[in-house]
Amino acid sequence: MELDLMEKQLKAVADANRLRILACLKIGEVCVCDFTDVLNISQPAVSQHLRKLKEAGIITERKVGTWKHYRIQENQTSLMRNILASINEDSTCGCKINSECVEG
């Protein structure tokens, strides 16, 4: 594994909020609007955490209307597969599929 990628991924997961995001994403795709409630931090702070995980190649996003939905990237390095396997799913997370985050 490339050392630069390993460093980037380790830095990305070296934060409690980002680990919590990954625990949420283990159950499936989550709207950015749900992370503010789960983490109890501002939307800009959530966006910064998501950006770091995305830049490290750990998560991916798709746009739905004005909102972004995030999920764990399918192809992971062996390092990330091991880290993700050690994180317990957080079933309190998940897109609430409400009018705030889903546009018809």
Side-chain angles (χ1 to χ4, degrees):
M1 174 196 256
E2 185 181 317
L3 290 179
D4 290 338
L5 178 59
M6 183 183 288
E7 177 185 25
K8 186 179 270 193
Q9 289 182 333
L10 288 171
K11 283 182 179 180
V13 297
D15 180 273
N17 282 322
R18 290 192 287 272
L19 288 171
R20 182 80 192 273
I21 288 169
L22 292 174
C24 291
L25 293 175
K26 284 191 75 172
I27 63 165
E29 191 172 78
V30 178
C31 178
V32 66
C33 63
D34 290 324
F35 286 123
T36 56
D37 294 336
V38 170
L39 300 174
N40 200 28
I41 59 176
S42 70
Q43 195 278 326
V46 168
S47 292
Q48 289 300 312
H49 287 301
L50 291 167
R51 180 184 58 78
K52 288 183 185 210
L53 290 168
K54 186 178 173 196
E55 287 176 353
I58 301 168
I59 65 170
T60 188
E61 69 182 24
R62 74 177 176 94
K63 194 164 182 164
V64 178
T66 57
W67 296 99
K68 291 184 179 176
H69 291 246
Y70 291 86
R71 62 183 167 81
I72 294 175
Q73 184 79 9
E74 288 181 25
N75 297 321
Q76 293 292 336
T77 63
S78 59
L79 171 68
M80 282 312 305
R81 282 193 304 271
N82 289 330
I83 290 171
L84 289 167
S86 68
I87 298 172
N88 292 327
E89 290 180 4
D90 187 341
S91 60
T92 64
C93 304
C95 191
K96 296 173 184 150
I97 310 294
N98 59 39
S99 59
E100 292 179 29
C101 70
V102 177
E103 297 180 2

More than 12 heavy atoms of other groups within 6.0 Å of N82 CG:
yes
In the structure I gave you, are the side-chain heavy atoms of L79 and L10 within less than 4.5 Å of one another anywhere?
yes
So how far is it from L53 CG to Q48 CD, rounded to the nearest 0.5 Å?
11.5 Å
Just so I know, are the side chains of I41 and H49 near enough to count as touching, which here means a heavy-atom distance under 4.5 Å?
yes
Taking every heavy atom of I58 against every heavy atom of A12, the minimum-distance pair comes out as CD1-CB, 3.9 Å
Are L19 and V13 packed together at the side-chain level, in the sense that at least one heavy-atom pair is separated by less than 4.5 angstrom?
yes
Distance col, row M80:CE vs M6:CE, nearest 0.5 angstrom, shows 11.5 Å
Calculate, to the nearest 0.5 Å, the distance between atoms CH2 and SG belonging to W67 and C33 respectively.
5.0 Å
First locate atom CD of E29, then atom NZ of K68, and finally report the distance between them rounded to the nearest 0.5 Å.
13.0 Å
With a cut-off of 6.0 Å (strictly less than), are more than 12 heavy atoms of other residues, nucleotides or ligands near NZ of K26?
yes
Does the side chain of R62 come under 3.5 Å of the side chain of H69 through a donor N or O and an acceptor N or O?
no
Taking the side chain as C-beta and beyond, is there a heavy-atom pair between L25 and F35 under 4.5 Å?
yes
Note: A56 and L5 closest approach over all heavy atoms is O-CD1, 3.9 Å
Look up atom CZ in R20 and atom CG in L39, then write down how far apart they are to the nearest 0.5 Å.
6.5 Å
Test side-chain hydrogen bond (donor to acceptor under 3.5 Å, both in side chains) applied to K54 - qualifying residues, sequence neighbours left out
E61
For L22 versus I72, what's the shortest heavy-atom pair and its separation?
O-CD1, 4.0 Å
To check you understand the geometry: which heavy-atom pair defines the closest contact between Q73 and Q76, and what is its length?
O-NE2, 2.9 Å
Heavy-atom check, side chain of V38 versus side chain of I21, under 4.5 Å
no
